[in-house]
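Remember, it's a predicted structure, so these values are computed and weren't measured experimentally. Per chain, numbering begins at 1; letters A, B, ... match sequence-line order.
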Amino acid sequence: MCGRFAQFADPGTLADHFGVETTAVGARPRYNVAPTQPMIAVRLVDDQQHRELVQLRWGLVPFWSKGPDNRYSMINARAETVASKPAYRAAFAQRRCLIPADAFYEWQAGKDGKQPYAIRRKDQAPFAMAGLWEHWQGNDGSVIDSCTIIVTEANALLRPIHERPLRP
DNA sequence: CCAGACGTTGTT
DNA sequence: GTCTGG
DNA sequence: CCAGACGTTGTT
DNA sequence: GTCTGG
């Protein structure tokens, strides 16, 4: 669940909405954020007291990784296992964040193909998804700040559109 | 012990 | 069918 | 998540 | 870095 979403609220609106003081981020409206692309997150600054808007790569790159590896999908983390999975454990303990969104997309499978839906609030206000972020530094000094979105079972509203698969 | 994975979804 | 790139 | 590629050689 | 499978 949640492989695409929209972020088109302007940083000022997000700042009001999520209690952020720093808004210095080069954000433009995004109606279709895809995995590996940069997106906006809300996270604590180092003092752990204030929040900032920050640009992160969608698709968490573990700090111990040799680099981004698209063979593994780190765009979502299951809520039931996020505390113990090697790729997420450290971030879960230390580096949680909010992913502001105006809508997220789900595709309903039908016999004539797939029908996309945009899911958003009735009042169209931005909302937050739960996320984790990670800091990665390569041997050449390059740096990637990345994130993942935590997912759970579909609720009654979403179930007719799309259910998260069961896992052994 | 070392080598290799480290994740999720969809589809059959 | 399955992987990669976005 | 979807869309698009999926291969190798030789030449510029 | 840390766990799992062999």
Side-chain angles (χ1 to χ4, degrees), chain A residues 1-9 25-43 54-121 124 126-168:
Chain A
M1 201 171 78
C2 200
R4 299 267 179 159
F5 65 101
Q7 285 188 327
F8 48 78
V25 155
R28 59 200 162 79
R30 305 291 309 282
Y31 290 92
N32 189 10
V33 182
T36 73
Q37 292 180 348
M39 35 72 68
I40 298 302
V42 179
R43 72 176 177 191
V54 63
Q55 185 171 276
L56 303 175
R57 175 199 193 264
W58 187 18
L60 187 144
V61 182
F63 69 92
W64 42 258
S65 173
K66 286 169 187 160
D69 188 342
N70 292 335
R71 289 173 302 178
Y72 302 105
S73 177
M74 307 287 190
I75 65 170
N76 291 154
R78 294 186 152 241
E80 320 86 283
T81 54
V82 69
S84 58
K85 291 284 184 184
Y88 298 134
R89 190 172 47 184
F92 179 75
Q94 301 288 329
R95 289 176 291 280
R96 302 179 185 186
C97 63
L98 300 178
I99 317 287
D102 295 276
F104 64 94
Y105 302 110
E106 297 293 348
W107 281 257
Q108 184 179 52
K111 53 181 169 185
D112 304 326
K114 291 182 176 182
Q115 175 70 41
Y117 286 81
I119 294 108
R120 62 176 175 175
R121 290 171 56 100
Q124 303 187 20
F127 56 92
M129 299 184 282
L132 307 175
W133 66 274
E134 190 59 88
H135 179 82
W136 178 88
Q137 184 160 14
N139 291 327
D140 61 357
S142 58
V143 159
I144 300 173
D145 275 7
S146 62
C147 66
T148 191
I149 296 173
I150 297 179
V151 295
T152 63
E153 282 186 333
N155 64 16
L157 196 60
L158 267 294
R159 210 166 290 131
I161 298 174
H162 194 90
E163 281 206 79
R164 193 187 67 165
L166 294 166
R167 185 157 284 286

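- Only the C1' atoms considered, B:dT11 is 34 Å distant from E:dG1, to the nearest whole Å.
- As rounded to whole Å, 12 Å separates atom P of E:dG1 from atom NZ of A:Lys66.
- Following rounding to the nearest Å, A:Met39 (CE) and D:dC1 (P) show an atom-to-atom distance of 17 Å.
- Distance CH2/A:Trp107 to CD/A:Gln115: 11.0 Å, rounded to 0.5 Å.
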Protein-nucleotides 5-7 of chain B N/O pairs under 3.5 Å:
unit_1: B:dG7; atom_1: OP1; unit_2: A:Pro86; atom_2: N; d: 3.4
unit_1: B:dG7; atom_1: OP1; unit_2: A:Ala87; atom_2: N; d: 3.2
unit_1: B:dG7; atom_1: N1; unit_2: A:Arg71; atom_2: O; d: 3.2
unit_1: B:dG7; atom_1: N2; unit_2: A:Arg71; atom_2: O; d: 2.4
unit_1: B:dG7; atom_1: N2; unit_2: A:Ser73; atom_2: N; d: 3.0
unit_1: B:dG7; atom_1: N3; unit_2: A:Ser73; atom_2: N; d: 2.9

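- Here CZ of A:Arg95 is found 9.0 Å from CG of A:Leu132. Values are rounded to the nearest 0.5 Å.
- Heavy atoms from other residues, nucleotides or ligands lying under 6.0 Å from CZ of A:Arg120 number 12 at most.
- Backbone-only engagement by A:Phe63 is indicated by non-hydrogen atom pairs under 4.0 Å involving sugar-phosphate atoms exclusively.
- For the atom pair CH2 of A:Trp58 and SG of A:Cys147, the computed distance is 8.5 Å after rounding to the nearest 0.5 Å.
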**Fill in**
Intra- and inter-strand pairing of DNA chain E, written as dot-bracket with Watson-Crick and G-U pairs under 3.5 Å and | for the latter, reads ||||||
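- By the 4.5 Å heavy-atom criterion applied to side chains, A:Val143 and A:His135 are counted as neighbours.
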**Test log, rule side-chain contact (heavy atoms from CB on, under 4.5 Å), inputs A:Asn32 and A:Arg4** = CA-CA 6 Å; A:Asn32 189 10; A:Arg4 299 267 179 159; 3.2 Å; yes
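- Judged purely by atom type and a 3.5 angstrom limit, A:Ser146 uses its side chain to pair as donor or acceptor with the backbone of A:Val61.
- Look at CZ on A:Arg95: it is 12 Å from C1' on E:dG1, rounded to the nearest Å.
- A:Asp69 has its CG atom 15 Å from the P atom of B:dT8, to the nearest Å.
- Here, B:dG10 and D:dA3 have their P atoms 14 Å apart, quoted to the whole Å.
- Within the structure, a side-chain polar atom (N or O) of A:Arg89 is placed less than 4.0 Å from OP1 or OP2 of E:dC3.
- Between A:Arg57 atom CZ and C:dG6 atom C1' the separation is 10 Å, expressed in whole Å.
- Atom CH2 in A:Trp58 sits about 12 Å away from atom C1' in B:dT8, given to the nearest Å.
- With rounding to the nearest 0.5 Å, the separation of CE in A:Met129 from OG1 in A:Thr148 is 10.5 Å.
- Near DNA chain B, defined here as any heavy-atom distance below 4.0 Å, the residues from residues 104-120 of chain A are A:Lys114, listed numerically.
- Enclosure of atom CG in A:Asn139 is not indicated, since only 12 or fewer non-hydrogen atoms of other residues, nucleotides or ligands lie within 6.0 angstrom.
- Atom name C1', nucleotides C:dG5 and B:dG4: the rounded distance is 25 Å, in whole Å.
- Nucleotides D:dC1 and B:dT12 have their P atoms positioned 14 Å apart, rounded to a whole Å.
- Both cation-pi conditions hold for A:Arg96 and A:Phe92: the charged atom is under 6.0 angstrom from the six-membered ring centre and inside a 45 degree cone around its axis.
- Between the CD1 atom of A:Ile99 and the CZ atom of A:Phe5 there is a distance of 6.5 Å, given to the nearest 0.5 Å.
- The gap from the P atom of C:dT2 to that of D:dT9 amounts to 26 Å, rounded to the nearest Å.
- The same atom, C1', is picked in C:dT4 and in B:dG7; the two are 16 Å apart, to the nearest Å.
- Taking CZ of A:Arg43 as the start and SG of A:Cys97 as the end, the distance is 8.5 Å to the nearest 0.5 Å.
- Using a 4.0 Å heavy-atom cutoff across all strands shown, A:Pro62 reaches no nucleic acid atom at all.
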